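Predicted model only: the values in this text are computed from it and were never measured. Just so we're on the same page: letters track the sequence lines, and every chain starts at 1.
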There are 2 protein chains.
Amino acid sequence: MPRRTKAEAAATREALLDAAEDVFFDKGVARTSLEQIARHAGMTRGAVYWHFRNKADLFHALLERVRMPFAELVDEVEQGSEASPLETTRLACHVSLKRLEQPRYRRILSILVHRCEFFSDINPLEMQDQLANECFAELCEQFRRAHDQGALAPHLTPETASRLLQSTLGGLFHDWLRMPDRFSIVTEGGHVIDTLFELMQHPSSEESSHQP
Amino acid sequence: MPRRTKAEAAATREALLDAAEDVFFDKGVARTSLEQIARHAGMTRGAVYWHFRNKADLFHALLERVRMPFAELVDEVEQGSEASPLETTRLACHVSLKRLEQPRYRRILSILVHRCEFFSDINPLEMQDQLANECFAELCEQFRRAHDQGALAPHLTPETASRLLQSTLGGLFHDWLRMPDRFSIVTEGGHVIDTLFELMQHPSSEESSHQP
DNA sequence: TAGCATACATACATGCATGTAACTATAATG
DNA sequence: CATTATAGTTACATGCATGTATGTATGCTA
């Protein structure tokens with residue numbers, strides 16, 4: 001009984017993406033057939049081939065649902081208050097950690113990082129690289145400002161600080177994503193980040209909001 | 001003309017593993033057939049099925065060639081000199097970074113992290129997790145000693161220090177492994193690690209071997 | 001040196017995933 | 001209201017990967 005209304009068609013498209021997210025997540029991208037995705041959405045492969053050209057196209061569409069450039073997080077945080085660049089960056093880190101905890105982000109990033117090898121015209125490494133570079137550029141800018149204000153610890157250049165923070169964030173992210181139930185990335189990861197920021201800031205500007 | 005000598009058989013086994021490393025590396029595990037591996041080694045699939053039960057078994061054998069527990073690195077470093085726990089750990093980090101640069105390690109770890117989804121009875125995440133846990137336990141022990149000697153910065157617990165260093169190492173590792181030609185993990189990664197150690201150590205024990 | 005186990009190659013059967021080509025019914029459009 | 005584009009389903013052809021079964025020549029052992 002095909003030819004639904006336009007809204008219904010869009011709904012099945014979303015349903016197919018949801019189904020793909022499910023099946024990709026617990027069987028891996030390579031090991032799941034379009035048939036399985038279709039059946040999981042209560043459709044047939046025909047529906048999949050109607051909305052997407054092939055598996056790669058479907059995969060690409062999946063990722064479009066979770067883009068989160070780091071620069072936007074910073075803007076979002078800056079909107080609220082007029083804090084120092086270091087504090088702003090720290091808060092942006094916390095927001096990004098919080099976002100990771102949402103199932104939607106967690107599952108799709110897990111698919112991107114752990115559950116797909118590069119295949120046909122899709123290269124997950126390039127996508128990860130692109131995200132990482134955007135993040136690094138933004139960090140550099142923030143740390144440069146902090147450095148100009150003399151807020152960084154001695155001997156600490158903005159570039160090194162950026163690399164250090166990005167590495168720590170990335171490592172935290174990977175450790176957590178590998179086994180998300182082992183620890184909370186918001187509380188424990190947040191604590192690690194706070195510690196790093198405390199170490200990175202200039203000793204003079206001690207205003208620690210720590211345990212009593 | 002089958003039935004080679006025992007040594008020759010062992011050689012073809014190695015050749016098959018080498019071939020698997022090659023093909024896995026540039027086509028991904030899921031997208032390579034046992035046929036391709038066999039042909040790349042100048043054999044047929046019969047040889048593969050003689051030496052290994054299936055692809056998972058072959059994959060598992062591949063990883064056996066690169067095990068490198070972090071604790072062994074520490075022991076190795078401790079062997080030479082009688083440095084402080086902090087300095088010992090720092091050197092162990094450098095050694096591990098240097099090891100990553102070797103093509104054999106780089107390629108196989110790249111296969112483990114980027115070029116295989118979990119499949120059948122092989123779970124790369126568990127393997128990564130196991131490695132990470134071993135590393136974390138060793139870091140904890142070293143930082144506990146450093147803490148007992150008052151060598152850590154104030155407010156820095158051994159557990160947090162361990163998490164921080166492990167995250168940074170892991171992030172560095174992932175960033176580099178994703179695009180190994182973008183930077184040298186030994187020089188630039190080493191610099192990040194050195195910076196972190198400088199920040200983590202107690203301000204009193206300043207003995208920095210830095211640029212003049 | 002007869003015979004057996006080894007170290008493969010070859011052949012075969014099966015299944016599954018893909019892509020495309022009809023086929024169909026209905027919503028949108030004029 | 002007739003037509004057309006849409007939103008699918010079903011059927012079909014193809015190819016490839018796997019696993020196993022069988023063949024086979026050779027090294028080893030008694």
Could you state the atom-to-atom distance from CD of A/E8 to P of D/dG8 in whole Å? 8 Å

Out of D/dG8, C/dC8, C/dT18, minimum distance to the side chain of B/T12 belongs to C/dC8

Looking only at side-chain N and O atoms, does A/T5 come under 4.0 Å of OP1 or OP2 in C/dA28? yes

Using nucleotides 10-12 of chain C, report all nitrogen or oxygen pairs with the protein that are shorter than 3.5 Å.
none

Please report the distance, rounded to the nearest Å, between CZ in A/F52 and C1' in C/dG19. 17 Å

Quickly work out the B/R53 CZ to D/dT18 P distance and round it to whole Å. 16 Å

Regarding the side chain of B/S33, the nearest nucleotide among D/dT18, D/dG8, C/dG19 is D/dT18

Between A/D18 and A/H40, is any side-chain donor less than 3.5 angstrom from a side-chain acceptor? no

Atom pair distance, as rounded to whole Å: NZ in A/K27 and C1' in C/dC16: 12 Å

Over how many whole Å does the gap from B/L58 atom CG to D/dT18 atom P extend? 11 Å

So does B/Q36 get a backbone contact from the side chain of B/S33, meaning a donor-acceptor N/O pair under 3.5 Å? yes

With a 4.0 Å cut-off on N to O distance, would you call A/K98 and A/E76 a salt bridge? no

Between B/D129 and A/R182, is a side-chain contact (heavy atoms from CB on, under 4.5 Å) present by the stated rule, with each step listed? CA-CA 11 Å; B/D129 193 58; A/R182 196 182 294 286; 2.4 Å; yes

For B/I37 and D/dA17, what is the distance between atoms CD1 and P respectively, to the nearest whole Å? 11 Å

Atom-pair distance (CZ on B/R39; P on C/dA9), nearest Å: 11 Å

Which nucleotide, D/dG8, C/dG19, C/dC8, lies nearest any side-chain atom of A/L34? C/dG19

I want to verify a distance call: between C/dT18, D/dT20, D/dA7, whose nearest atom is closest to the B/Y49 side chain? D/dT20

For A/R144, I'd like to know if atom CZ has over 12 heavy atoms of other residues, nucleotides or ligands within 6.0 Å. no

Can you see if the side chain of A/W50 gets near the phosphate of D/dA7 - specifically, an N or O under 4.0 Å from OP1 or OP2? yes

For the pair A/R163 and A/F143, evaluate side-chain contact (heavy atoms from CB on, under 4.5 Å) and give the outcome as yes or no after the intermediate values. CA-CA 11 Å; A/R163 275 206 180 284; A/F143 278 121; over 6 Å; no

Residue mapping more 5' on DNA chain C - nearest nucleotide basis, A/A7 or A/T32: A/T32

Does a donor on one side chain and an acceptor on the other come within less than 3.5 Å for A/H51 and A/D57? no

Would you indicate, yes or no, if D/dT18 has its OP1 or OP2 atom less than 4.0 angstrom from a side-chain nitrogen or oxygen of B/K55? yes

Sugar-phosphate, base or nothing in reach of A/A47, heavy atoms under 4.0 Å: base

Write down the distance between NZ (A/K6) and C1' (D/dG8), rounded to a whole number of angstrom. 14 Å

